[in-house]
Amino acid sequence: QVLPVESGGGLVQTGGSLRLACASSDRTFSAYAVGWFRQAPGREREFVAATSWSGALTEYADSVKGRFQVFRNNAKLTVYLQMNNLNDEDTAVYYCKTEDWQRLISRTYDNGPWGQGTQVTVSS
């Protein structure tokens, strides 16, 4: 299995923005729904957002609704997570993975496999 690679993380001030990317070299990537997840120190990994294979459907955790946007470019085999108005609660390692859409929206997705993730640190 070819895991997608996350990128775009970094250090940002409270209220700032970042755009994460989830890129794959697997052409079948465009046929799958993709979820974004995050894990903060000492906390369990949690669901953040998801997009259906076409991008027509999206789903967000309550904590990021109105601030984050997930979208994809299937020609580039990449899914993005635009994060705006960041706060310290958003500090975490962010991961992406392909998954069945129904399992994403029901939060019954598999716990892995996971890639390296990308670190997002929000400082005040």
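For the single chain, residues carry numbers from 1 onward in sequence order. In this text, all values refer to a predicted model and were calculated from it rather than measured experimentally. Keep in mind that the numbers below use all heavy atoms, side chains included, and drop hydrogens, waters and symmetry copies.
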Looking only at side-chain N and O atoms, does Ser17 offer a donor or acceptor that is under 3.5 Å from a partner on Asn84?
yes
Which pairs with one or both residues in residues 2-13 pass side-chain hydrogen bond (donor to acceptor under 3.5 Å, both in side chains), sequence neighbours excluded?
none
Do Asp90 and Arg67 come close enough that some side-chain heavy atom pair is under 4.5 Å?
yes
Write out all pairs satisfying ring-ring contact (aromatic ring centres under 6.0 Å, His included) with one or both partners inside residues 49-71, taking only residues at least two apart or from two chains.
Phe71-Tyr80
Starting from Phe29, can I reach Tyr94 by hopping between I/L/V/M/F/W/Y residues whose side chains sit under 4.5 Å apart?
yes
Tell me, please, which residues at least two apart from Asp26 pass side chain to side chain donor-acceptor pair (under 3.5 Å).
Thr28
Flag yes if Phe47 and Ile105 sit in one hydrophobic cluster, no otherwise; membership is Ile, Leu, Val, Met, Phe, Trp, Tyr, and two members link when side-chain heavy atoms are under 4.5 Å apart.
yes
At their closest point, which heavy atom of Leu81 faces which heavy atom of Ala49, and how far apart are they?
CD1-CB, 4.0 Å
Hey, is the main chain of Lys76 close enough, under 3.5 Å, to the side chain of Thr78 for a donor-acceptor pair?
yes
Kindly give the heavy-atom pair with the smallest separation between Ser54 and Asn74, and that separation in Å.
CA-ND2, 4.4 Å
same_hphob_cluster(Leu77, Tyr95) at 4.5 Å side-chain heavy-atom cutoff
no
Would you say the side chain of Ser123 lies within less than 4.5 Å of the side chain of Leu11, judging by non-hydrogen atoms?
yes
Salt bridge (charged side-chain N to carboxylate O under 4.0 Å, His left out): which pairs involve residues 109-118, sequence neighbours left out?
Arg103-Asp110
Indicate yes or no: at least one non-hydrogen side-chain atom of Leu3 is less than 4.5 angstrom from one of Pro113.
yes
Please enumerate all residues that pass side chain to side chain donor-acceptor pair (under 3.5 Å) together with Thr108, with sequence neighbours excluded.
Ser106
Keeping to residues at least two apart or across chains, list the disulfide (SG to SG under 2.5 Å) pairs with something in residues 27-78.
none
Donor-acceptor pair, Ser24 side chain versus Pro4 backbone, under 3.5 Å?
no
For the residue pair Arg72 and Val34, establish whether any side-chain heavy-atom pair is separated by less than 4.5 Å.
yes
Do side-chain atoms of Thr91 reach the backbone of Thr121 as a donor and acceptor pair under 3.5 angstrom?
no
Qualifying disulfide (SG to SG under 2.5 Å) pairs, either residue in residues 33-62, two or more places apart:
none
Is there side-chain contact between Thr51 and Val79, with heavy atoms separated by less than 4.5 Å?
yes
Show every salt bridge (charged side-chain N to carboxylate O under 4.0 Å, His left out) that has at least one partner inside residues 41-60, sequence neighbours left out.
Arg38-Glu46, Arg43-Glu89, Glu59-Arg107
Side chain to side chain donor-acceptor pair (under 3.5 Å) involving Asn85 - partner list, sequence neighbours excluded
none
Closest heavy-atom contact between Gly9 and Leu20?
N-CD2, 3.6 Å
Check: Trp36 and Met83 side chains under 4.5 Å, non-hydrogen atoms:
no
Which residues pass the ring pair (Phe, Tyr, Trp, His ring centres under 6.0 Å) test with Tyr109, not counting sequence neighbours?
Phe37
Val12 meets the side chain to side chain contact (heavy atoms under 4.5 Å, CB included) criterion, sequence neighbours left out, with Leu18, Leu86, Val122
Pairs involving residues 52-118, ordered by first then second residue, that meet disulfide (SG to SG under 2.5 Å) (sequence neighbours left out)
Cys22-Cys96
